[in-house]
Amino acid sequence: MLVLGIETSCDETAAAVLKDGKDLLSNIISDQIEVHSKYGGVVPELAGRAHIEQIHKVIQQALEQADVELSDIDLIAVTRGPGLIPSLLVGLNMAKGISYSSGIPMIAVNHLEGHLLAIFLQENLTFPYLALGVSGGHTDLYRVSDFGDYKLLGRSRDDAAGEAFDKVAKMLGLGYPGGPLIDKMAQKGNPEAIAFPRAWLEKGSLDFSFSGLKTSVRNLIEKRRRELNNFSDEDISASFQSAVVEVLVKKLLRAIEQTGLERIVVTGGVAANSGLRTGMKDAAIQNNFQVYFPKPIFCTDNAAMIACAGYHCAKKEPSRVTSPLDIDAKASLPL
Ligand code: KG4
Ligand code: ZN
């Protein structure tokens, strides 16, 4: 079975062809860093326009690289939400158009579902497992019991982890997207140079909060401007990153204790972070749990994960395969 995945929820125009849920024949991703970098963040209107310019090309390339024709495709999987409406509409309307004109059935996929199931591109994981989805828009902890069966256990009450990375990078004038830039800078700094606050919230809570940490970094940078300290960008990055990683690791340990689940998937853009990957792997060895990370290219936004989620969910729940005219884009779309 050949699935064409299409993803345009934010600032990546992506298409992929996946065979039988596992065999990735192509995975094309066109980013918009050039479009948004001068604004220090994603401008939704510009993102939508850039998707319109790229979407035909990206889908064409995905088919060509996979060496298949559109008529070979059995199912189109497309992101319906959550995300930016001007972005989502481009991928979704393209999928609807192809589906309507060719008769190929389609399935709408929740972007977060794509992140939670991306690991199936690499592993045949056994359910249930705990999934920590850390991205630019979300910091969510789920119990994943089956394809299509997700229970939210905790979430950020304010900024998402990736948002905090992006904002701190902006404060330091590093550019956009901030996560990878902080990651690189942190490797040259001392993670213990500055004791930034960690928000544990009330006893037993699996929720997260990163706004206090962000404010604390802002205050420190402000003081540096007034020459009240001279911490380097490297030390600030390393200390900030280590605060985020410590909270994510300890909350996950708390979740393991509460649920008894010992298989963990860490996914979403921030899961590409080298400090988080090392911190989680060390914690897994010390505390006897198994941690799985999608490859970095499957952590940040991509269409392979959408094709993968679409394939498995269509098999598990055929009623999710719908007429293309029944689906609309949703800016917020809980799982
Ligand atoms: O999953 P994703 O590509 O898009 C959303 O669904 O939001 O995640 C993007 C987020 C951005 O905030 C970006 O800065 C962050 O993931 N990110 C990273 C790294 N790579 C991407 N954060 C920390 N370290 C990284 N290496
Ligand atoms: Zn994402």
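Counting convention: from 1, in listed order, for ligands and their atoms alike. Heavy atoms only: backbone and side chains are in, while hydrogens, waters and symmetry mates are out.
Taking the six-membered ring for Trp and the full ring otherwise, Tyr311 and Phe120 have centroids separated by 6.0 Å or more. The aromatic ring centroids of Tyr39 and Tyr176 lie 6.0 Å or more from each other. Between Phe293 and Phe298, a ring centre-to-centre spacing not shorter than 6.0 Å is recorded.
Considering only non-hydrogen protein atoms, atom 6 (O) of ligand 1 sits nearest to His111 NE2, 3.1 Å. Distance from atom 2 (P) of ligand 1 to its nearest protein heavy atom, with residue and atom name: Asp301 OD1, 3.2 Å. Nearest non-hydrogen protein atom to atom 10 (C) of ligand 1 is Gly136 N, 3.4 Å. Protein heavy atom closest to atom 22 (N) of ligand 1, with residue, atom name and distance, is Gly179 CA, 3.2 Å.
Residue contacts with ligand 1, taken as heavy atom pairs separated by less than 4.0 Å, involve Asp183 solely via side-chain atoms from C-beta onward. Contacts between His138 and ligand 1 below 4.0 angstrom, taking non-hydrogen atoms only, are absent altogether.
The pair Arg157-Glu202 meets the salt-bridge criterion, since a charged nitrogen lies less than 4.0 angstrom from a carboxylate oxygen. Salt bridge Arg320/Glu113: present, at least one basic N to carboxylate O contact under 4.0 Å. Between Arg49 and Glu45, at least one side-chain nitrogen of the basic residue sits less than 4.0 Å from a carboxylate oxygen of the acidic one, meeting the salt-bridge criterion.
By heavy-atom distance, the residue among Gly133, Pro296, Ser274, Gly269 lying nearest atom 8 (O) of ligand 1 is Gly269. Nearest to atom 24 (N) of ligand 1 by heavy atom, out of Thr267, Leu181, Asn273, Asp166, is Asn273.
The minimum distance between the Zn ion (ligand 2) and any N, O or S atom of His111 involves atom NE2. For Asp301, the N, O or S atom with the smallest separation from the Zn ion (ligand 2) is OD1.
Among the atoms of Cys10, no N, O or S atom falls under 2.8 Å of the Zn ion (ligand 2). Distance check for His138 against the Zn ion (ligand 2): none of its N/O/S atoms falls below 2.8 Å.
With hydrogens and angles ignored, the 3.5 Å screen pairs no side-chain donor or acceptor of Asp235 with any backbone N or O of Ala238.
Residue-ligand proximity, Thr300 to ligand 1, at heavy-atom distances under 4.0 Å covers atoms 3 (O), 21 (C). Near His115, meaning under 4.0 Å from one of its heavy atoms, ligand 1 places the atoms 1 (O), 6 (O). In the vicinity of Ala272, heavy-atom distances shorter than 4.0 Å reach the ligand 1 atoms 26 (N). Close contacts between ligand 1 and Gly137 involve ligand atoms 7 (O) [criterion: under 4.0 Å to a heavy atom]. Using a 4.0 Å cut-off to heavy atoms of Gly162, the atoms of ligand 1 that qualify are 12 (O).
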With side-chain hydrogen bond (donor to acceptor under 3.5 Å, both in side chains) as the test, would you mind laying out the steps for Gln187 and Asp183 before giving the verdict?
CA-CA 7 Å; Gln187 286 167 29; Asp183 191 350; 3.2 Å; yes

List the steps, then state whether side-chain hydrogen bond (donor to acceptor under 3.5 Å, both in side chains) holds for Asp158 with Ser209.
CA-CA 6 Å; Asp158 40 60; Ser209 166; 2.6 Å; yes

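You'll find the side chain of Tyr129 stays beyond 4.5 Å of the side chain of Leu261, heavy atoms only. Between Arg155 and Leu141, every side-chain heavy-atom pair lies at or beyond the 4.5 Å cut-off.
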